Amino acid sequence: MPSITREDVVNQLRTVNDPELHQDLVTLNMVKEVQVDGGLVRVGIELTTPACPLRGQIGADVEEAIKRIPGVEQVEIEWGAQVRPSRPQTGEMGSVKNVIAIGSGKGGVGKSTVAVLLATGLRRAGATVGLLDSDVYGPSIPTMIGIEGARPEIRGNKILPIEACGLRIMSIGLMVERDTALIWRGPMVHGVVKQFLEQVAWGNLDYLIVDLPPGTGDVPLTLAQSIPMTGSVTVCTPQDVAVNDARRAVRMYEQLSIPCLGIIENMSYYLCPKCGHRDELFDHGGALAAAQELGVPYLGEIPLNARLRKFGDEGTPEKAFTDADDYVVQAIGRVVSALAGQISIRGELKRTAPTLTIE
Ligand code: ADP
């Protein structure tokens with residue numbers, strides 16, 4: 001039997017498409033290594049995010065394709081991940097690959113909770129993640145991360161983010177007393193957000209998650225004017241009033257050229273820990289319907305759960321992944337992966353989009 005060549009393997013990998021990016025693994029530059037050892041083929045596949053929702057499917061497709069080569073007995077895949085920058089940044093943000101804003105139509109829907117869960121989930125998958133709390137009207141990230149009262153170090157004209165829970169964090173609540181920011185007017189808000197973007201030494205980050213204030217206002221405008229954003233995520237609860245506000249928020253971000261990466265339904269349902277009864281306290285499915293109507297991705301749902309509230313209050317986000325009920329952990333995991341997938345898609349769209357040349 002003729003021996004298997006590297007080229008045979010690469011040619012087979014040209015037939016495997018990334019199911020979300022709709023291009024083959026070779027064209028996407030995801031094949032990093034091919035080794036042939038008799039009937040054993042080893043390939044290194046580099047995913048575009050460590051939280052890739054489709055690793056299992058890609059793995060099965062790769063194995064199937066390579067096994068079509070006569071003589072292949074075994075396929076081993078070595079996984080790696082390299083998050084790709086969606087849009088180039090400059091200055092202190094120069095090494096930040098993706099900036100994702102988490103917004104909501106109204107307050108109290110769990111936007112900050114979800115921002116912390118997304119940041120922690122991406123970090124747990126292996127990414128380097130920063131969390132910027134720009135909710136001037138209610139900076140709750142320091143409490144949710146357990147760093148209330150901490151003060152960031154100032155070095156020269158740079159502000160060093162606080163490192164906690166494996167994240168690099170900056171919050172308006174770390175710079176001023178909690179009630180001070182509440183009375184700020186537009187120009188002050190604009191100034192402080194610009195300062196966060198220009199002076200915080202973020203370093204290399206795969207993802208910078210930005211917790212926006214609720215509603216539509218100065219902060220998203222400043223962000224959109226100051227830096228290239230990968231996109232926004234809108235959090236809402238299922239009831240009509242919240243969903244209607246979320247629709248408005250999605251439209252406003254899009255008007256600011258911040259594409260919508262998706263909608264998340266928080267407090268989507270409640271499972272009684274004693275009897276398992278499922279209650280849809282605030283209705284159910286409103287976010288999915290809104291996403292379909294707006295033509296934007298639906299990233300999934302997170303249940304209402306007393307432990308999530310508790311972990312938020314005590315500043316231990318990690319526990320949402322280790323100590324919560326399985327169905328809660330799984331729901332959060334699905335949302336994190338769905339977001340990571342959408343960010344990769346967005347980045348690839350930008351890279352392959354034709355540019356219009358006007359002479
Ligand atoms: P927002 O940022 O939209 O104002 P928060 O994230 O501050 O909302 O959440 C408001 C309150 O609801 C907090 O006490 C938080 O712990 C709680 N909360 C948010 N999401 C959930 C959830 N899925 N289950 C239980 N409590 C939640």
Side-chain angles (χ1 to χ4, degrees), residues 100-121 131-148 165 167 169 171-173 178-179 181-182 209-217 219-220 232-239 241-250 253 263-273 278-287 299-321 323-336 338-339:
I100 302 105
I102 314 295
S104 64
K106 65 197 219 52
V109 299
K111 168 186 53 61
S112 301
T113 303
V114 172
V116 169
L117 292 174
L118 291 172
T120 308
L131 180 57
L132 170 59
D133 178 8
S134 67
D135 188 348
V136 276
Y137 305 112
S140 46
I141 298 291
T143 308
M144 290 184 176
I145 296 286
I147 53 168
E148 264 191 318
C165 301
L167 304 168
I169 298 155
S171 167
I172 218 133
R178 207 187 158 105
D179 298 335
L182 279 171
I209 303 289
V210 184
D211 185 19
L212 294 177
T216 51
V219 175
S232 68
V233 170
T234 300
V235 180
C236 69
T237 48
Q239 71 271 43
V241 278
V243 174
N244 285 337
D245 286 348
R247 274 195 192 91
R248 263 195 293 282
V250 170
Y253 301 143
I263 301 183
I264 296 172
E265 182 163 291
N266 187 33
M267 309 191 194
S268 189
Y269 58 93
Y270 175 76
L271 282 193
C272 172
R278 177 180 165 124
D279 207 339
E280 294 174 352
L281 278 101
F282 306 119
D283 205 352
H284 182 78
L299 300 179
E301 53 201 37
I302 297 176
L304 179 71
N305 182 271
R307 286 206 194 154
L308 288 184
R309 199 268 312 137
K310 180 166 169 279
F311 301 150
D313 285 351
E314 67 183 25
T316 53
E318 202 72 28
K319 288 189 181 170
F321 296 83
D323 293 23
D325 297 312
D326 282 352
Y327 77 95
V328 178
V329 177
Q330 280 161 17
I332 298 169
R334 279 194 292 272
V335 172
V336 171
L339 172 62

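Nothing here was measured: the structure is a model prediction, and the numbers come from that model. When a ligand or atom number is given, it counts from 1 through the structure's own listing order.
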### Query
Is D133 close to L131 at the side-chain level, that is, under 4.5 Å between some pair of heavy atoms?
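Sidechains of D133 and L131: no contact.
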### Task
On the 0 to 90° scale, with breaks at 30° and 60°, tag the Y269-H284 ring pair as parallel, tilted or perpendicular.
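If you compare the ring of Y269 with that of H284, the planes turn out perpendicular.
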### Query
Can D245 and R248 be counted as an ion pair, charged N to O under 4.0 angstrom?
yes
### Task
Could you pull out all residues at least two apart from S104 that satisfy side-chain contact (heavy atoms from CB on, under 4.5 Å)?
V109, K111, P214
### Message
Return the CZ to CD distance between R307 and E314, rounded to the nearest 0.5 Å.
### Response
10.5 Å
### Distance, nearest 0.5 Å, that separates OG1 of T113 from CD1 of I141
8.0 Å
Per-pair distances, ligand 1 N/O vs protein N/O, less than 3.5 Å:
| unit_1 | atom_1 | unit_2 | atom_2 | d |
| --- | --- | --- | --- | --- |
| ligand 1 | 2 (O) | K111 | N | 3.4 |
| ligand 1 | 2 (O) | K111 | NZ | 3.4 |
| ligand 1 | 2 (O) | S112 | N | 2.9 |
| ligand 1 | 2 (O) | S112 | OG | 3.0 |
| ligand 1 | 3 (O) | G108 | N | 3.3 |
| ligand 1 | 3 (O) | V109 | N | 3.1 |
| ligand 1 | 3 (O) | G110 | N | 2.9 |
| ligand 1 | 3 (O) | K111 | N | 2.8 |
| ligand 1 | 4 (O) | G108 | N | 2.9 |
| ligand 1 | 6 (O) | S112 | N | 3.3 |
| ligand 1 | 6 (O) | T113 | N | 2.8 |
| ligand 1 | 6 (O) | T113 | OG1 | 2.6 |
| ligand 1 | 8 (O) | G110 | N | 3.0 |
| ligand 1 | 20 (N) | N266 | ND2 | 2.9 |
| ligand 1 | 23 (N) | N266 | OD1 | 3.0 |
| ligand 1 | 23 (N) | P303 | O | 2.9 |
| ligand 1 | 24 (N) | N305 | N | 2.9 |
| ligand 1 | 24 (N) | N305 | O | 3.3 |

